[in-house]
Every structure is written in structure tokens, then in C-alpha cells.
Amino acid sequence: MLETNARTSRTDRGVGERGPVGFALLRVLVVATIVLGLNYVGWRWLFSLNWHAWWIAIPLVIAETYSLIDVALFGMTMWRARTRPRPPVPEDGLTVDVFITTYNEPIELVAETARAARDIHYPHSTWILDDGARDEMRIAANELGVGYISRGDEWKGRPLHAKAGNLNNALLATEGEFLLILDADQIPRPEILDAALGYFADPKVALVQTPQEFGNVATGDPLGSQAPLFYGPIQQGKDGWNAAFFCGSNALLRREALMQLGLTQYVREVERAVLVALRGADRVITRARRTADPNDVMVNAALDEIALAVDTARTAVKQGQPIARVTYDLQHQIDSVSRAMVSFDLHLLEMDLAAIRELDAAASGEPLDALLDVDTTVDTLAMRQLSPLGALESVQALLRTIDVDRSDEAVPLMPLATISVTEDMATSMRLHGLGWKTVYHHELLAVGLAPEDLGTMLKQRLRWAQGTMQVLLRENPLVQRGMSLAQRLMYFSTMWSYLSGFAAVVYFGAPVVFLCFGVLPVDSSAAEFFLRFLPFMVVNQLLFMVSSRGVSTWRGQQYSLALFPIWIRAVTSAVANVFFARPLGFVVTSKTRQEGDQWGLVRVQLVLAAVLLISTVIGVTRLVLGVGEPIGTLVNVAWVVFDLVVLSVLVPAARFQGFATKEESA
Amino acid sequence: MEYTVEDLGGGVAVLHLDGRLNMVSAARLREAVTSTVALGHTRIAVDLAKVDFMDSSGLGALISGLKTTRQAGGDLRIAAPSEQVKLVLQLTNMERVLLAHEHAETAFSG
């Protein structure tokens, strides 16, 4: 929960250095929180479960355990949350490409960013990467004197991989040693490269991430746009474990590291694809046999030969022969099957032609002069796109996958990870897996635009959560080789925090169950419960306060609970996507305000608030009638009040009219 | 591949093909030509407008059809080939044997 908090909590950036005393206090609080948390949750599991109401008792204790693990991972992050010393001044002569990624943002907005990027002090080349391939954008780039890159023809009809694909395309068209990646709305300061390039003096550093902050946020941050806890203590803490994340924008990357990543990934994916394809080959050939005409000698003979070739290839792979060699040999054998078929066809054709020639000569004395140059014709007609094997479409599809050119992808090298809609986290995880270092540089060097309405904000949160879940499901950090245990836990911590939606349902549901039916999930005296619960709770809140250097994390805690439908949807849609290949319903975050009914977006929460209110009335009525238990009712009514205060964050959010509108009317 | 036969009268018929003319469907085209000739239509126009792919087997079937019609004293002409079919005809030099007409219906009236 704490990180969804973090990404959404509002504070002012007033964070000073943490002195040695403050740092020691922080570590004491981390230990105290974990000890008291174990004391409470252990007691809950062992001595206070109300087994008569297991259907609510078990979910509640699981939710509490979830939260304890969450706060323990947060504590581990904070254990090393320090500000780095300034990096050395970068040496002269490094080559840098500045990439501005855009898809459909207004031309003027991108141009403003491009102008600022062009004017960065340290020598560099600026490029607009336009995934919208807009002529006006190209013209604007020319006028500004910056480069323009859009996707080439090789991407047509192949997976585009959104922003990751856009960046991968540009990586192959440029050559700077280092890259600065900026979202279309992130206006960089002129000193950004001078301030952050110096870290690359360490040849193992692959990434320098700087904070993301937004300039268009109204007083009070109704949509919880700013993330000072994430772009602050949390990233610093991760950095302390050499696990600072790549966050997609305002980051510098070392090209060599990305290229190494692309190559490693390429080899891995080719191997996997070939093995999978060879494994499925028998099935495909059997199916082709079933659909082919049993009397067609040609087809069946071809299938026999292909089956034999596939079998040979499989054995070769099992014996550990190089994949490239095996696939080459296999393709070669398939080609000779194809050539044999073509020459057979041409042989028959020649005989027919001879017969026709005789007929013509007999009829008119005017011989047919067409001649067939069999050798060259066989070659051309056996080419892959003309081959008779094309008739066996499933076989053809199979053969395409058994190759090393990745003909399913536009470019064979995909340095930026494409396994997730949020390419950033997956990419930095793979970099860590290869032994690279990353850096979080805590200085504001670019200012962006946050969503200005609830609908857009919710889509953005959903996208982050979905992307994070995709990475968890596709490349669970806990089992990734090459990373240290701490690095694995730092990635897992962020993913774990996005499971909070399920815990929230239990936290909202438990008081309703008690107030309406008098069922308590906890079997204990009130005194014992509070004695174990309150110290944990208090120390926990103190830990948040000290971690965030006294700045309030309340807005973040509210959103973390109140957006539970989003977190749940992110998990279910990511599961459906990864395991059942369903689309995510992915949307690019809009930079301009979307009009429309904003209440409908928080329907679930409105219903929940009504249920909580009705439960309170029922609970109080039960108390008055003498059915309800006084202390339990008091605690649960307090709990409901807390829940309602949490949910209340959505009221100003749904009514928010956007930054500009608000400032004008103020 | 599917096909329909259209009788234009006077021993002329149009074979409308639809689909891929390849290893699998070549045999069917050969049969179609033979049975059309057997019904007395010795002049056959093959409409290739809806054939988006042809390989060496398909080409073989066309030439074999040409032989069948010639032996029966008729002729086989092709019409409206797609780019891919034209390419195969060019690569094999068979455009000199099978001249492509614009429309199947007028292949024998011009």
C-alpha cells in the first residue's frame, strides 16, 4: 500500500538532509515497527481468531498479514534511504541523444519541450520520436532545428510495443553514448545533463533517474498527482540497495547497457521461440496431414520430409548444438523440400509444353517458342514467399517461428523491455540482472504536466498498476537470477503494494459485517486487542512521518485505499492478459482535460459509502435495542468514520475542474 | 479454392476461380478443365481476378489445362491476374504462352 501511496501522495518538496540522528531514529522505528507488527499479527493468527466466523476472520487476518509484509518491505527500503553526494562534473566530449517521446500530444506542447531540450547546456542532439507520424510535428521539428524520427515500414503489420517500441526504433537510428529520455510534457532544465551525466564516470552505471514533478497541480493536489515520497525517500532507499527504478522519463541511460540488454534478450527469446516451435512441430505436421488429401503423394511426401527435418533439428538442440546452426540447417532442408516440389511441378509443366508445341506445329506449322530455363526458375519459385509449402499454412507459420531473424518483430533487437505496458520497470530490472548499477539523483531537473481530471488520472494509475502486475507475472523478480536478494525484494515491494485492493475490500467489509450482524472477526478482550494493536499502529505512523521527513502522507494513504477498484481491476486484467492473452484495454494518458461525468468513475466507492452509512445506522439501532455490544460498536463506528474520511478524497477529485479553470476562477 | 463455371455459349466457358491456386488446389483445377472440356466447352477462359496466390503447382495446372483444351481443338486463356500471379508468369517466362486478357468474358471475342 505504501508505494501506491507514495506515487500519489502530495507534499511540498521541502526535504532537507537527514542527519545521523534522524537516520538512526529512522532505523529504530523500522525495527520497532516490524517487532510490534509481528507481535500483533502473530497474536492475531495464534490466539485471537474467531473460528465461528472464519469467513470474515481469515480474510481479515490475511489482509493484516499483507499489510505487515508491506510495511516491512517499506522499512527495508527506508533502511538505506540516504541522499547521494554530488556526482563528479562530467568530462567533455561525451555524446548524448535527447529523446522526446510523443504519440498524440498537441504539437505546441511537444515543441515547447523540444525547445527546452535543444537549449540544454551540455552538447547533445535532440530528437522528437513521433509515434503519430504527423507531418506538422515533422515541420515543427525542422523549424526548431531538432531531429525527427518516426517508425519505418518495417513496423507495419507487426507489434508496435507502444513507447518501448518507439524508443527501440530511435535507438537504432541514433548513436550517442548516452540518452536522456523525456515524456512530451517534461520540460528539462538547461543544467540537466551537467548535473547528472557525471555518474557515468563509473563504467558500471547504466541509468540515472531524476524526479518527476508536475507544474500544473492546483493547491491541495486534489488528484494526488505529486509523488514526493516515491521521488524521494523511496527511490533513495531503493538506490541504497542498488535498485533505483527506471521511471520512463527524466532519466539518463547508457546506450551500451541497453544494447547489451537487447542482445541478451534477443538470444534468450530466439532460443525460447525455437524450442517452443520445435516442441509444437509434431502437432502442426499431424494436423496438416489430416487436412491434406490422403491421395496427394506430393503433399504427403513433403510432410514426411519436413517431419524428419524437424526431428533432426530437435535432436540437435537437445545435444546442445548452436541454435543458429540448427535453424540454418533446418531452413536449408525445408528449402530443398520446396525445391524438389518445384522441380517436380516444372518437370510436368515442361512435358505439357512439349505436347502443346507438337499440337501447334501440327495445326499451324507455327511452333510455340516459349522455353523454360528450369534451373533459374526452380530457384525463384522455391523462394519462401512463392514456395508450394505456402499451401500448408500451419507448416509455413511454424517455419517462420523457427528462425533467428524474429520475423514476427519489426527489429530483432528490443533493448527496452516489451513485456509490459510500463516498459521502464522491466527494463531496469533486466539491467540489474545483468549486473549494471542504477542511480537515483534527487534534484528536480524537469517539470511535467499531470492529468487534470479524475478520469485521466484513474487511467494513468490503472496503467501503472497493470504494467507492474505484468512484470510480476511475466518476470517475477523473486526468481530472477543475477540480482541480489535485496534488489529482488525492492522490485517485489513495489509489486506487492499494488495488491492492496484486495486488503482494502476486507478492511471496508469487516465493520459492515459487525455493525449489521454483530459478527466480530477478533476473539479477544478489548484491552488485550488494543494493547497489541495500538503500539504497532502508532509506531507505524511515526515511521511514515519520519520517512517522509515530517511531510504528510495522508493524501497518499487516502488514495491507496480509496482507489481499491482500480488496483483490483489492474490485477485481474493483468492476469487475463498474461495467462489468457486478453487485451488490457490500454490507453495513453491524455495531457489535456477530458470532459464528462466524473461521478460515474467512482460509482463503486459511492455505493460503498452508502453501505457504510447504512451499516452505522443499523449498528447504532442494534446498540439502542440492546442487541449490539457497546465497545465493539464504538470501535467499528470509529472504523467506519475513518473509512468515510478516506473515501472523501474522491469528492473534490470528481468535482475538480482542471488546473487552468480553477486558477482563473480563483 | 472454389470455382464456378459460366457457359457463354458457342463452346466457350468461363472458369471463375476464387482463392489460392497452389499445391493443394491444383488438382481441382485440372479436374475442372477436364470436365468442362468433356461437356463440350473446348474454349475456356480462366478468370483469375480472385486468385491472390499461385505457386509452381498452380502454374502447372494452368499449362496442363492449356494442353487439355488444345488436344480437344480448343484453347485456354487467362484473364485479370493479380500482381503475384503476373510475377510468377514473368519469372517463368510463361507470359509468352499464356497471354493475360483484361476480362474473362471478352477473352475469346477479341
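By convention in this document, chain letters (A, B, ...) are assigned in the order of the sequence lines, proteins followed by strands, and residues within each chain are numbered from 1.
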Discussion item. Within the structure provided, determine whether B:V97 and A:L353 are in side-chain contact (heavy-atom separation under 4.5 Å).
Written reply: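 Yes, close enough: below the 4.5 Å cut-off.
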Worksheet item: Less than 4.5 Å apart, any side-chain heavy atom of B:Q71 and any of A:I356?
Response: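 No. Closest side-chain heavy atoms not under 4.5 Å.
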Worksheet entry | Under 4.5 Å from any heavy atom of chain A - which part of B:E95 |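 For B:E95, neither part sits under 4.5 Å from chain A.
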Item to complete: Below 4.5 Å from any heavy atom of chain A, which atoms of B:L59 appear? Answer side chain, backbone, both or neither.
Response: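 Interface part for B:L59: both.
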Item to complete: Kindly indicate, with the supporting measurements, whether the criterion side-chain contact (heavy atoms from CB on, under 4.5 Å) is fulfilled by B:M94 and A:L349.
Response: CA-CA 10 Å; B:M94 282 304 112; A:L349 199 148; 4.1 Å; yes
Worksheet entry | Interatomic distance, B:R70 atom CZ to A:R357 atom CZ [nearest 0.5 angstrom] |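 One finds 11.5 Å between CZ of B:R70 and CZ of A:R357.
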Worksheet entry | Inter-residue atom distance A:R339.CZ - B:S56.OG, 0.5 Å rounding |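 That separation rounds to 12.0 Å.
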Worksheet item: Do you know which two heavy atoms are closest between A:L359 and B:K67, and how far apart they sit?
Response: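 So the minimum-distance heavy-atom pair works out to CD1-O, 4.2 Å.
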Worksheet item: In a check of side-chain contact (heavy atoms from CB on, under 4.5 Å) between B:I63 and each of A:L348, A:L346, A:D352, A:D345, which one passes?
Response: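 By the side-chain contact (heavy atoms from CB on, under 4.5 Å) criterion, B:I63 pairs with just one of A:L348, A:L346, A:D352, A:D345: A:D352.
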